[in-house]
Amino acid sequence: MPYANGEIHIGHILEHIQTDIWTRFMRNCNHEVLSFCADDAHGAPIMMKADEMQIKPIDFIDQMKKDHMNSLEKFGIKYTNYHSTHSSENEDLVSEIYLAAKDTGLIYKEDIEQCFDEEKKMFLADRYVIGECPKCGAKDQYGDGCDSCGATYSATEIINPKSALTGSTPSTKISEHIFFDLKKSKSNLKKFLKTASIQNSVVGKLSEWLEGDLRSWDISRDAPYFGFKIPDESDKYFYVWVDAPIGYIASAKNWAEKNNLSIESLWGKNSEYEIHHFIGKDITYFHGLFWPAFLKSSNYKLPDSIHVHGFVSVNGEKMSKSKGTFITADQFANVCDPELLRYYFASKLNSKIEDLDLNLVDLAQKINSDLVGKFSNIFSRSAPFISKNNNRLSKSINEEYLSACMKDMDKILDYYEKKEFSKAIKLIMQIADNTNKFINENTPWKIDQKDAIIIVSTALNVFKNLCILLAPIMPNLCNKMLKMLKINSFSIDNLEDKMIDLEIDEFKPIISRVEPIDLNDFYKKEKIMKEEENIIQIDDFMKVDLRVAKIEEASHVEGADKLLAIKLNLGDLGTKNVFAGIKSVYEPSDLIDKLVVMVFNLAPRKMKFGISEGMILAASDSEGGIFVLSPDSGAQPGQKIK
């Protein structure tokens, strides 16, 4: 479930590829499979992002959903229904499931300390508090968890906290919050872990957490918050992680109602459907403990299976924008055929929770070796002989060799079902490699044309089966290959069918060798122009929103050598807080009531000392002089500079 505060990157796309491969395979095996997903569209980060862009959260998440769906489509990801957690179906379901838990005695209230911004007069959501991690001391961490060491904690525990909204030091105030009593669900969770299909290592970790300090779950957040209001409460909202997993059911309900079905038939406790989740290892706690515990009191069945995968690195490095190893799904699709990434990921995916490295040199080598040198090579080598026979296959084939190739089919199908994709691919490529050897050993170029046609027709029967087996991974490529063989179905049943005395289409190359991708290839469009080429058009300039602003407050920043903290008045547009590197020239008292020019639509920047919400324009010289630009007298705060 992609979070709706940014683009889908290749780490996200791994999960969707894995899910899509498995669901396609199960459908090809004639199972009824319904796959549901949604944008995870609530929470403080989305509020912050929308604030940065100066748009409403609803408008922001609507655009994000469209972008996400476009990205998924490029990678051949198809869901029965793709929805949003910000939906009427989800709001109804969240209230229903919450009230069921409340009736069961799993909900209680308790006063807690919360960070409070005295300037904004509001409680601060975790993401609005920035400071040092209380566990490892890493700076510039959010109030809900540390990106450096992975620790989770309360925002009140953070060291040297600052409000992300104002840069001020928050106070702590008491607020009544609503909790889900996880300890009361302990016995039910033990039963769940015994019956659900979950990797052993995951069950071990969940059991360890279950026997440890099992804390109650704070499921409420104070206003303002972008999410659903809690029934019968004032200014209290459901924490994003309450409604996020319920979004799965909401997406199913949205589809069911469009198709005259009931959600009870799909997800009710007596439903015959199996529920399978595919998730990343970072959200194991929520899906393995909170989600089934919260769902238990409702009318909906618990998951039958939770499959957990690892993280994605690039060329052995953690994905990082600063290191150039952060690749979005769209960036990859612009540089390389997305199906090649589907194949590469599948060749490394198994049922374990192992991190996966996208090595761009290895990607090219695997594509060239497996798909070009082994798989596609069978058709390209056979085609000239078939062409000489008016594109007609022989009336008989080498049954013995075909049977030898079929002996591992059940094992391959079993690997697919158990999500051991890498093992399935290994066997598939062994068959492809052996078939090339079969052609070599029988030397169709040296023997009689009639015998040669039997050899290559046998090879093409094997190739047809390989296409069907690889179709869940590379549906587009395999569809094109099978169409040349005049086959229109990926069904596993077709593995038993033989192509005898049939006319096929002329072979056309579908895949060719690829060169290793350079990381810079993903950023070519984003590289900074050379100075001599640094010319912009009027449309580019018009994107910069320059405004007149009046300095209301200015002060020194503790620990900063060059910065002043400045509060700007923009009239009807409100106020902005910025950090300006002008301390060496200006005293704070000299700046009060001064009119300046600011970049109003510059994205907020998280700095060591807080959030800077814009930029004041100034000129400088080679001797270190700094000269803040001021509009002429008569200009008013908030006026647009054109």
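Keep in mind that the numbers below use all heavy atoms, side chains included, and drop hydrogens, waters and symmetry copies.
Residues Ala196 and Pro303 approach most closely at CB-O, 4.1 Å, considering heavy atoms. Pairing each heavy atom of Lys419 with each of Ser305, the nearest pair is NZ-OG, 4.4 Å. In terms of heavy atoms, Ala44 sits closest to Ala125 at CB-CB, 3.7 Å. Taking every heavy atom of both residues into account, Thr284 and Lys281 meet most closely at OG1-O, 2.8 Å. Closest approach of Asp144 and Arg127 over heavy atoms only: OD2-NE, 3.4 Å. Across Gln114 and Leu124, no two heavy atoms sit closer than the pair NE2-O, 4.5 Å.
Atom OH in Tyr248 sits 11.0 Å away from atom OG1 in Thr85 (nearest 0.5 Å). Atom CG in Asp521 sits 9.0 Å away from atom CG in Leu360 (nearest 0.5 Å). Leu206 contributes atom CG, which lies 9.0 Å from atom OH of Tyr285 (distance to the nearest 0.5 angstrom). Rounding to the nearest 0.5 Å places NZ of Lys423 at 6.0 Å from OG of Ser351. To the nearest 0.5 Å, atom NZ of residue Lys205 and atom CD1 of residue Ile353 are 11.0 Å apart. Considering CE of Met319 and OG1 of Thr325, their distance stands at 8.0 Å, rounded to 0.5 Å.
Remark: side-chain polar atoms of Gln141 are paired, donor with acceptor, to backbone N or O of Lys139 under 3.5 angstrom. Listed for the Gln199 side chain is a donor-acceptor partner under 3.5 Å among the backbone atoms of Val308. In this structure, Thr23 contributes its side chain and Asp20 its backbone to a donor-acceptor pair below 3.5 Å. Asn90 contributes no side-chain N or O that, together with a main-chain N or O of Ser84, makes up a donor-acceptor pair within less than 3.5 Å. For Asn601 (side chain) and Asp545 (main-chain N/O), a donor-acceptor pair under 3.5 Å exists by modelled atom type. Panel note: side chain Asn334, backbone Asp330; a donor-acceptor pair is recorded below 3.5 Å.
Counting non-hydrogen atoms of other residues, nucleotides and ligands closer than 6.0 Å to CE of Met615 gives a total of 12 or fewer. Residue Glu354 qualifies as enclosed at atom CD: its count of foreign heavy atoms under 6.0 Å is above 12. At most 12 non-hydrogen atoms from other residues, nucleotides or ligands lie less than 6.0 angstrom from CD of Glu558. The 12-atom threshold is not exceeded at NZ of Lys120, counting heavy atoms of other residues, nucleotides or ligands nearer than 6.0 Å. Atom NZ of Lys74 has more than 12 neighbouring heavy atoms from other residues, nucleotides or ligands inside a 6.0 Å radius. Counting non-hydrogen atoms of other residues, nucleotides and ligands closer than 6.0 Å to CE of Met53 gives a total of 12 or fewer. Around the CD atom of Glu73, the shell of radius 6.0 Å holds no more than 12 heavy atoms that belong to other residues, nucleotides or ligands.
Side-chain atoms of Asp218 and Ser216 include no donor-acceptor pair closer than 3.5 Å. In this model, a donor atom of one side chain and an acceptor atom of the other lie less than 3.5 Å apart for Lys162 and Thr169. Side chain to side chain, Glu15 and His309 meet the donor-acceptor criterion of an N or O pair below 3.5 Å. Side chains of Asn315 and Asp357: a donor-acceptor N/O pair is absent below 3.5 angstrom, by distance only. Side-chain contact annotation: Tyr343 with Asp370, donor-acceptor N/O pair under 3.5 Å present. Between the side chains of Asn350 and Glu420, no donor-acceptor pair of N or O atoms lies under 3.5 Å.
A search for side-chain contact (heavy atoms from CB on, under 4.5 Å) contacts involving Lys348 returns Tyr344, Leu356, Asp362, not counting sequence neighbours. Residues satisfying the side-chain contact (heavy atoms from CB on, under 4.5 Å) criterion with Asp337, sequence neighbours excluded, are Glu339, Leu340. In this structure, Lys562 has no side-chain contact (heavy atoms from CB on, under 4.5 Å) partners at least two apart in sequence or on a different chain. Applying the salt bridge (Lys or Arg N to Asp or Glu O under 4.0 Å) criterion to Lys366, with sequence neighbours excluded, gives no partner residue. Residues passing the ring-ring contact (aromatic ring centres under 6.0 Å, His included) test with Trp22, sequence neighbours excluded: His276, Phe278.
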Could you walk me through whether Ser251 and Cys37 pass side chain to side chain contact (heavy atoms under 4.5 Å, CB included), step by step?
-> CA-CA 6 Å; Ser251 183; Cys37 193; 5.9 Å; no

Leu165 and Ile611: CA distance, side-chain angles, deciding distance, side chain to side chain contact (heavy atoms under 4.5 Å, CB included) verdict = CA-CA 7 Å; Leu165 299 177; Ile611 301 292; over 6 Å; no

Step by step, would you call Leu358 with Leu341 a side chain to side chain contact (heavy atoms under 4.5 Å, CB included)?
-> CA-CA 9 Å; Leu358 170 58; Leu341 187 65; 3.9 Å; yes

In sequence, state the C-alpha distance, the side-chain angles, and the governing distance for His86 and His42, and then conclude on ring-ring contact (aromatic ring centres under 6.0 Å, His included).
-> CA-CA 7 Å; His86 189 71; His42 286 157; 4.9 Å; yes

Residue pair Met481, Ser376: steps toward the side chain to side chain contact (heavy atoms under 4.5 Å, CB included) verdict = CA-CA 9 Å; Met481 292 290 194; Ser376 179; 3.7 Å; yes

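For the pair Leu427/Tyr415, a side-chain contact is recorded, criterion being any heavy-atom separation below 4.5 Å from C-beta on. For the pair Phe311 and Leu14, the minimum side-chain heavy-atom distance is 4.5 Å or more. Pro472 places a side-chain heavy atom less than 4.5 Å from the side chain of Asn28. Under the 4.5 Å side-chain criterion, counting only non-hydrogen atoms from C-beta, Tyr128 is not in contact with Asp117. The side-chain heavy atoms of Pro134 and Glu157, taken from C-beta on, include a pair separated by under 4.5 Å. Using a 4.5 Å heavy-atom threshold, the side chains of Ile10 and Phe75 count as separate. Proximity of Pro292 to Leu189: side-chain heavy atoms (C-beta onward) are separated by under 4.5 Å at one or more points. Residues His83 and Lys65 meet the side-chain proximity criterion, which asks for heavy atoms closer than 4.5 Å.
By the 6.0 Å and 45° rule, Arg221 does not stack over the aromatic ring of Tyr237. A cation-pi arrangement is absent between Lys135 and Tyr153, since the terminal nitrogen or guanidinium carbon is not both under 6.0 Å from the aromatic centre and inside a 45° cone about the axis.
Under 4.0 Å is where a charged nitrogen must lie from a carboxylate oxygen, and between Asp51 and Lys49 no such pair does.
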Output side-chain donor-acceptor pairs under 3.5 Å for residues 54-64, partner residues at least two apart or in another chain, one line each.
from  : atom 1 : to    : atom 2 : distance (Å)
Gln63 : NE2    : Asp67 : OD1    : 2.9

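In summary, the aromatic rings of Phe326 and His9 are positioned with their centroids under 6.0 Å apart. Taking the ring centroids of Trp291 and Phe286, they lie at or beyond the 6.0 Å cut-off.
Between Tyr416 and Phe421, the ring-plane angle classifies as tilted under the 30° and 60° cut-offs.
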